[in-house]
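Worksheet: one structure, shown below.
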Amino acid sequence: MHYWLMKSEPAEMSIDDLAIRPGQTAPWFGVRNYQARNFMRDAMRIGDRAFFYHSGGAEPGIAGICEVVSPAYPDATQFDAASPYFDPKPSAKAPRWFNVEVRLLSKTRFVPLAELRTQPQLAAMPLLARGNRLSITPVARDEWRFICDKLIGVKA
DNA sequence: GCCAACGTTGGC
DNA sequence: GCCAACGTTGGC
């Protein structure tokens, strides 16, 4: 199993929005970055865990824990001219963008980005790298355990 | 609202 | 294939 961190702007979809969806499940559509797409398409597996991270809001940070519940499949919004995520270049035969689906496992104590930055054990996280903008980043097993055990207070 | 950092585009 | 220009992300 692999671990991830997935960013969502609360205005787009917050942890509470996810919590009230049918099955507490949502497609992670709208990723338009090749590196993040490749993580979803090539590396994510059903059963992988991910931190649900709020970005762009008043206070960024980890808000919950999710589980990957589907393989990656073509992101429908790339074909939808009415969607802000519309991309004219891909075709149905050659889709460019993919998404998995995630299910909420638990809403957690909110762990602010500023708190993550103070932890030496987490210094290598891509999330904390200077200038990082990737919306999906891998989390190492020991980083996952540390955040769950020491910061959130749940068993990893 | 600002701006640093980064990815993408497109002309050559 | 290079690289300047542009658009976007996201913390502050």
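Residue numbers start from 1 in every chain, and the chains themselves are labelled A, B, ... in the order their sequence lines are given, proteins ahead of strands.
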When rounded to whole Å, the CD1 to C1' distance for the pair A:I62 and C:dG10 reads 16 Å

Choose from C:dT9, C:dG11, B:dT8 the nucleotide whose nearest atom is closest to any side-chain atom of A:S55. C:dG11

Length of the line joining A:R32:CZ and B:dT9:C1', which is rounded to integer Å: 17 Å

Over how many whole Å does the gap from A:N33 atom CG to C:dG7 atom C1' extend? 13 Å

In whole Å, what is the span from the CZ atom of A:R117 to the C1' atom of C:dG11? 8 Å

Are OP1 or OP2 of C:dG11 and a side-chain N or O of A:Y53 less than 4.0 angstrom apart? yes

Picking from C:dC12, C:dG10, B:dG7, which would you name as closest to the side chain of A:L113? C:dC12

Check this one for me: any side-chain N or O of A:K7 less than 4.0 Å away from OP1 or OP2 of C:dG10? yes

For A:Y34 and A:W97, take the angle between the two ring planes, folded into 0 to 90°, and tell me which bin it lands in: parallel under 30, tilted 30 to 60, perpendicular over 60. tilted

Given atom CZ of A:R133 and atom P of B:dC3, what is their separation to the nearest angstrom? 17 Å

Full working for ring pair (Phe, Tyr, Trp, His ring centres under 6.0 Å) between A:W144 and A:F51: CA-CA 9 Å; A:W144 180 272; A:F51 291 124; 3.9 Å; yes

Can you tell me which nucleotide in C:dG11, B:dC6, C:dG10 comes closest to the side chain of A:S135? C:dG10

Which of the following nucleotides, B:dT9, C:dG11, C:dG10, is nearest to the side chain of A:K89? B:dT9

Are any of the side-chain nitrogens in A:D42 or A:R37 under 4.0 Å away from the carboxylate oxygens of its partner? no

Could you tell me whether A:E12 and A:K7 make a salt bridge, using a distance below 4.0 angstrom between a side-chain N and a carboxylate O? no

A:L128 CG to C:dG10 P, straight-line distance once rounded to whole Å: 14 Å

A:H54 NE2 - C:dC12 P separation (whole Å): 17 Å

In whole angstroms, how far is the P atom of C:dG10 from the CG atom of A:L127? 10 Å

Please check if A:L113 and A:I15 belong to a single hydrophobic cluster, counting links between Ile, Leu, Val, Met, Phe, Trp and Tyr side chain heavy atoms closer than 4.5 Å. no

